[in-house]
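In the text below, chain A, chain B and the rest are named by the order of the sequence lines, each starting its count at 1. Only a predicted model underlies this, so the values are computations on that prediction, with no experimental measurement involved.
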2 protein chains.
Amino acid sequence: MTEDRLDATFASLADPTRRAILARLAQGEATVNELAEPFEMSLPAISRHLKVLERAGLISRGREAQWRPCRLEAGPLKDIANWVEHYRRFWDASFDRMADYLKELQTVKTKGDRDDRKN
Amino acid sequence: MTEDRLDATFASLADPTRRAILARLAQGEATVNELAEPFEMSLPAISRHLKVLERAGLISRGREAQWRPCRLEAGPLKDIANWVEHYRRFWDASFDRMADYLKELQTVKTKGDRDDRKN
DNA sequence: CTGTTAATTAACATACTTGTTAACTACAGC
DNA sequence: GCTGTAGTTAACAAGTATGTTAATTAACAG
């Protein structure tokens with residue numbers, strides 16, 4: 001998983017329309033018009049959102065006559081989950097006390113460092 | 001957790017510099033200059049990245065003489081983790097067969113729907 | 001008060017995002 | 001071929017992001 005891919009994935013997920021599209025695709029495949037239906041937005045706008053999702057690898061598209069059925073591709077979501085897991089200890093209740101303790105240690109250390117290079 | 005907050009969090013995380021800053025803060029508090037040191041970028045650029053992280057609630061800042069120590073705030077990361085968890089079944093190996101099955105069901109259904117409204 | 005360090009704000013350039021409408025491609029059915 | 005539906009691409013406007021350098025604020029040290 002490259003950093004670039006994380007960039008593209010996070011950027012794609014930063015838009016509520018695109019997250020809604022993914023939520024819809026979690027129910028199963030859908031065509032562009034079906035995906036567009038719940039939104040006020042024009043069809044070209046949806047088409048571009050889909051292109052963003054596709055470039056991020058979050059969806060793939062088939063061909064079936066004049067329809068382009070979209071389906072969810074969860075690979076990049078797994079990358080996100082892995083990335084965020086590294087921070088779990090910072091919010092997990094059972095680790096709060098340890099986090100506070102480490103933070104305290106760090107504060108003392110940092111303060112010391114700072115005193116060392118004070119002008 | 002509002003949709004807007006998810007927007008801001010995902011957008012903040014879409015930048016590799018900002019993710020690197022969070023990774024550094026996972027080690028403990030740091031000043032702006034300490035955070036800027038690893039990057040080629042100018043200090044004002046880092047300052048603006050920190051402002052983005054702060055507005056997203058991903059960091060908070062104290063005051064200690066002329067330093068502004070930054071520390072990680074993991075609340076929004078927990079939101080991300082919760083959000084992405086909803087998609088776990090799409091990548092989790094033990095669910096692959098079920099996903100395929102659901103997908104198959106959906107394909108048949110969608111095809112039927114389409115046939116219904118075919119011109 | 002003066003000089004130095006830490007950090008932010010201002011002003012600006014450039015590029016990307018996201019929406020619009022209008023024009024276009026592709027396929028289906030007669 | 002003609003017509004209607006599905007979807008994309010083009011051209012454009014408006015807003016947002018991200019970097020730069022220069023100027024500014026704030027606090028310490030003498």
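If you take CZ of B:Arg68 and P of C:dT8, they are 6 Å apart, rounded to a whole angstrom. Counting to the nearest Å, the P atom of C:dT8 and the CG atom of B:Leu43 are 8 Å from each other. To the nearest angstrom, C1' of D:dA6 lies 12 Å from CD of A:Glu64. D:dT5 atom P lies 16 Å from atom CD of A:Glu37, rounded to whole Å. What separates CD1 of B:Ile46 from P of C:dA7 is a distance of 12 Å, to the nearest Å. Put simply, CD on A:Glu54 is 12 Å from C1' on D:dT8, counting in whole angstrom units. A straight line from CD of B:Glu34 to C1' of C:dT5 spans 13 Å, rounded to a whole angstrom. Per the geometry, CG belonging to B:Leu50 stands 12 Å off P belonging to C:dT9, to the nearest Å.
For the pair A:Arg63 and A:Glu40, both in contact range of DNA chain C, the more 5′-proximal nearest nucleotide belongs to A:Glu40.
With sequence neighbours left out, A:Glu37 forms a side-chain hydrogen bond (donor to acceptor under 3.5 Å, both in side chains) with no residue at all. With sequence neighbours left out, the side chain to side chain contact (heavy atoms under 4.5 Å, CB included) criterion links A:Ala23 to B:Tyr87. The side chain to side chain contact (heavy atoms under 4.5 Å, CB included) test applied to A:Asn82 returns A:Lys78, not counting sequence neighbours.
Nearest to the side chain of B:Thr31, among D:dT20, D:dT8, C:dA7, sits C:dA7. The side chain of B:Lys51 has C:dT9 as its nearest neighbour among C:dT9, D:dT8, D:dA6. Nearest to the side chain of A:Trp67, among D:dG7, C:dC27, C:dT8, sits D:dG7.
When the side-chain nitrogen and oxygen atoms of B:Ser47 are compared with OP1 and OP2 of C:dA7, none of them lie within a distance under 4.0 Å. In this model, the phosphate group of C:dA7 is approached by a side-chain N or O of B:Asn33 to a distance below 4.0 Å at OP1 or OP2.
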Side chains of residues 46-54 of chain B: which donor-acceptor pairs under 3.5 Å do they make with residues two or more places apart or in other chains?
from    : atom 1 : to      : atom 2 : distance (Å)
B:His49 : ND1    : B:Arg18 : NH1    : 3.1
B:Glu54 : OE1    : B:Arg61 : NE     : 3.3
B:Glu54 : OE1    : B:Arg61 : NH2    : 2.9

Please tabulate, for the side chains in residues 6-14 of chain A, all donor-acceptor contacts under 3.5 angstrom to protein atoms that are two or more places apart in sequence or on a different chain.
from    : atom 1 : to      : atom 2 : distance (Å)
A:Asp7  : OD1    : B:Arg19 : NH1    : 2.9
A:Asp7  : OD1    : B:Arg19 : NH2    : 2.7
A:Thr9  : OG1    : A:Arg5  : O      : 2.8
A:Ser12 : OG     : A:Ala8  : O      : 2.8

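The structure places CE of B:Met41 at 11.5 Å from CG of B:Leu43, a figure rounded to the nearest 0.5 Å.
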What N/O pairs connect the protein and nucleotides 17-19 of chain C at under 3.5 Å? Give each pair on its own line.
from   : atom 1 : to      : atom 2 : distance (Å)
C:dT18 : OP1    : A:Arg18 : NH2    : 3.3
C:dT18 : OP2    : A:Arg18 : NH1    : 3.1
C:dG19 : OP2    : A:His49 : NE2    : 2.3
C:dG19 : O6     : A:Arg48 : NH1    : 2.7

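Heavy atoms of other residues, nucleotides or ligands lying less than 6.0 angstrom from CD of B:Glu40 number 12 at most.
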